[in-house]
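Take a look at the structure below.
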Amino acid sequence: MENKDDIRLLNSEQLEQFFIDNNQKKYRVDQVLDWVWNKGVDNFSQMSNLSDNLRNLLNKEFVLNKPIEIKSYKSIDGTIKYSIQLFDKNFIEAVLIPSKNRITACISSQVGCSLDCKFCATSRLIRKRNLLFYEIFDQLFYLNEQSKFYFKRKISNVVFMGMGEPLLNFKNVVEAIKKMKMECGLKLSAKKITISTSGIPKVIKQIANENLNCNLAVSLHSAIQKTRQIIMPFSEKFPLEDLIESLKYWYKVTKKKILYEYIIFDGINDNIEHIKALVKICKILPCKVNFIEYNPTGEEIFRQCKVEKLQLYQRHLSSEGIVNTFRVSRGRDIKAACGQLINSNKAG
Ligand code: SAH
């Protein structure tokens with residue numbers, strides 16, 4: 001691998017300085033930024049409005065660390081999963097989910113994951129590294145091109161529900177979101193971007209302070225600490241009390257309601273005690289509950305609850321005025337659904 005920086009690590013001031021130091025015209029900066037962020041070029045030779053001299057200079061000094069290869073897998077329900085081999089040969093996955101009113105891009109924030117949610121296949125992968133902000137951005141750029149090609153529409157929504165824990169890669173996620181809002185021809189509204197976290201209280205407060213205006217989803221799965229620790233052992237270090245305290249801060253600063261994600265597991269969190277605990281937590285702050293279908297991961301410790309249990313939960317929540325929905329999984333046949341991203345096709 002070449003030991004040069006990706007040109008996208010330089011902001012416009014730094015790029016301008018580089019151009020001045022190398023006797024190049026300042027207005028070239030905007031052209032170069034346009035090529036890398038709006039047009040998404042793979043190499044400097046594609047920057048056709050620059051002189052040969054300048055293209056050679058950029059090529060000598062910088063790289064563009066684009067993915068080596070991207071393979072796609074199509075589900076019978078229209079979902080498309082992308083297996084992306086990064087410039088350093090690591091693999092990640094991203095998913096394009098078309099529906100009637102929206103095209104959602106589900107993107108990854110880390111190579112692997114350092115958390116240990118017992119129901120999630122990605123947690124079985126070692127966290128190799130954080131994605132750089134331009135690698136997060138590249139997923140979206142590529143998925144948007146694919147969306148235009150297949151569905152004749154741009155991406156409308158972005159969810160950080162792919163591989164990894166976005167709040168453990170806070171800086172790159174924030175930087176990538178800023179780029180998504182401004183660049184790439186998407187001009188995506190932050191209101192359409194959702195960060196999903198398993199609940200890292202300190203970083204929830206930090207992200208609130210960033211003033212991004214995006215949404216926050218919290219993978220709650222149990223409102224009882226003892227049970228939550230069984231299904232998400234890392235949460236011993238981040239007790240529910242601290243999580244709720246950080247969410248209060250989030251709401252105070254952003255005025256945005258919280259989306260709680262919740263899987264009801266057979267015999268684990270499907271009784272009335274758990275329902276009451278969830279109702280209690282939901283009453284603390286404006287929120288919505290999204291029940292998620294449990295997707296098989298290949299090594300099942302847990303099972304999806306019986307449908308009557310879901311109905312019981314929904315009845316209780318609705319009678320208390322708590323908005324709740326049930327999300328049907330997409331792309332299970334290609335292992336593209338929540339919790340199934342494990343680079344299973346990488347040898348294929
Ligand atoms: N680390 C982040 C984002 C990645 S996981 C988080 O935990 O929120 C995205 C969502 O998929 C989370 O809500 C997670 O709890 C859920 N999930 C993980 N494994 C799942 C499975 N087997 N079935 C259904 N949802 C799952």
Side-chain angles (χ1 to χ4, degrees), residues 79 81 92-95 97 104-125 127 130-131 136 139 157-170 172-173 176-177 193-201 203-204 207 214-223 227-235 237-238 243 246-247 250 258-266 268-269 287-305 310 324-333 335-344:
T79 300
K81 179 170 84 171
I92 53 162
E93 294 181 328
V95 187
I97 311 160
T104 304
C106 173
I107 56 175
S108 294
S109 55
Q110 298 181 308
V111 178
C113 188
S114 59
L115 300 180
D116 53 6
C117 304
K118 294 286 176 217
F119 49 85
C120 179
T122 312
S123 76
R124 286 182 225 133
L125 301 177
R127 189 213 72 117
N130 283 342
L131 291 182
I136 299 173
Q139 294 173 63
N157 295 67
V158 178
V159 293
F160 280 84
M161 293 190 187
M163 302 168 108
E165 169 49 49
L167 295 196
L168 293 179
N169 185 14
F170 167 73
N172 284 299
V173 166
I177 290 177
I193 302 175
T194 300
I195 299 177
S196 176
T197 177
S198 30
I200 317 289
V203 195
I204 289 175
I207 207 119
C214 60
N215 304 300
L216 185 69
V218 178
S219 301
L220 188 64
H221 305 312
S222 175
T227 309
R228 198 162 187 264
Q229 263 172 240
I230 294 170
I231 53 182
M232 304 163 87
F234 76 90
S235 68
K237 283 189 260 142
F238 306 109
L243 180 58
S246 72
L247 294 175
W250 161 271
I258 291 125
L259 179 73
Y260 291 119
E261 294 163 281
Y262 204 99
I263 309 173
I264 313 169
F265 298 103
D266 187 37
I268 303 286
N269 59 353
C287 67
K288 183 181 148 182
V289 176
N290 197 1
F291 291 108
I292 315 178
E293 231 178 333
Y294 170 68
N295 300 308
T297 62
E299 286 173 31
E300 277 25 88
I301 306 175
F302 306 112
R303 274 195 316 259
Q304 168 78 33
C305 71
L310 168 68
N324 62 91
T325 48
F326 176 65
R327 186 166 81 212
V328 178
S329 288
R330 300 282 304 271
R332 270 190 185 176
D333 56 331
K335 295 199 167 40
C338 274
Q340 293 188 319
L341 301 183
I342 195 167
N343 296 325
S344 47

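Both counts, for ligands and for their atoms, begin at 1 and track the order of listing. Given the structure is predicted, the values throughout are model-derived calculations rather than measurements. Numbers here are sequence positions counted from 1.
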Ligand 1 versus L115: contacting region, heavy-atom distance under 4.0 Å: neither

Derivation and outcome, ring pair (Phe, Tyr, Trp, His ring centres under 6.0 Å), residues Y294 and F302: CA-CA 9 Å; Y294 170 68; F302 306 112; 7.4 Å; no

Close-contact set for ligand 1 against G164 heavy atoms, below 4.0 Å: 1 (N), 2 (C), 3 (C), 4 (C)

Intermediate values then yes/no, side-chain hydrogen bond (donor to acceptor under 3.5 Å, both in side chains), Q110 and N130: CA-CA 4 Å; Q110 298 181 308; N130 283 342; 2.8 Å; yes

S123 near ligand 1 by a heavy-atom separation under 4.0 Å: no

Residues forming a salt bridge (charged side-chain N to carboxylate O under 4.0 Å, His left out) with R332, sequence neighbours excluded: E293

Atom 5 (S) of ligand 1: the protein heavy-atom neighbour that sits closest, reported with distance to 0.1 Å: M161 O, 4.1 Å

Any side-chain donor near an acceptor of the partner, E165 and S114, under 3.5 Å: no

Aromatic ring pairing Y262/F291, orientation class (parallel under 30°, perpendicular over 60°, tilted between): perpendicular

Under 4.0 Å to a heavy atom of F160 - the qualifying atoms of ligand 1, by number: 3 (C)

Distance in Å, C120 SG paired with N295 CG, rounded so as to fall on 0.5 Å steps: 10.0 Å

Ligand 1 contact on E261 by region, counting heavy-atom pairs under 4.0 Å: side chain

Protein residue, atom and distance nearest to atom 6 (C) of ligand 1, heavy-atom basis: S219 OG, 3.4 Å

Under-4.0 Å heavy-atom contact with ligand 1, by part of T297 that carries it: side chain

Atoms of ligand 1, numbered as shown, that sit under 4.0 Å from any heavy atom of I263: 23 (N), 24 (C), 25 (N), 26 (C)

Exercise: identify the closest heavy-atom pair between G199 and I204: CA-CD1, 4.3 Å

Residue C120 vicinity, atoms of ligand 1 by number, heavy atom under 4.0 Å: 18 (C), 19 (N)

Atom 19 (N) of ligand 1: nearest protein contact (heavy atom, Å): G339 CA, 3.1 Å

Within-cut-off N or O pair, S196 and ligand 1, under 3.5 Å: yes

Which residues share a side-chain contact (heavy atoms from CB on, under 4.5 Å) with L259, sequence neighbours left out: A217, K288, N290

Shortest non-hydrogen contact from L341 toward T122: O-OG1, 2.6 Å

From Q340, E165, Q304 - option closest to atom 1 (N) of ligand 1 by heavy atom: E165

Those atoms of ligand 1 less than 4.0 Å from some heavy atom in E293: 23 (N), 24 (C)

Residue pair P296 / Q340: nearest heavy atoms and the distance that separates them: O-NE2, 2.8 Å

Numbering as shown, the atoms of ligand 1 that approach G162 to under 4.0 Å (heavy-atom distance): 4 (C)

Exceeds 12 heavy-atom contacts within 6.0 angstrom, atom CZ of R124: yes

Atoms of ligand 1 close to H221 [distance to a heavy atom under 4.0 angstrom, numbered from 1]: 14 (C), 15 (O)

Atom 23 (N) of ligand 1: nearest protein contact (heavy atom, Å): N295 N, 2.9 Å

Shortest protein contact, atom 21 (C) of ligand 1 (heavy atom only): C338 O, 3.4 Å

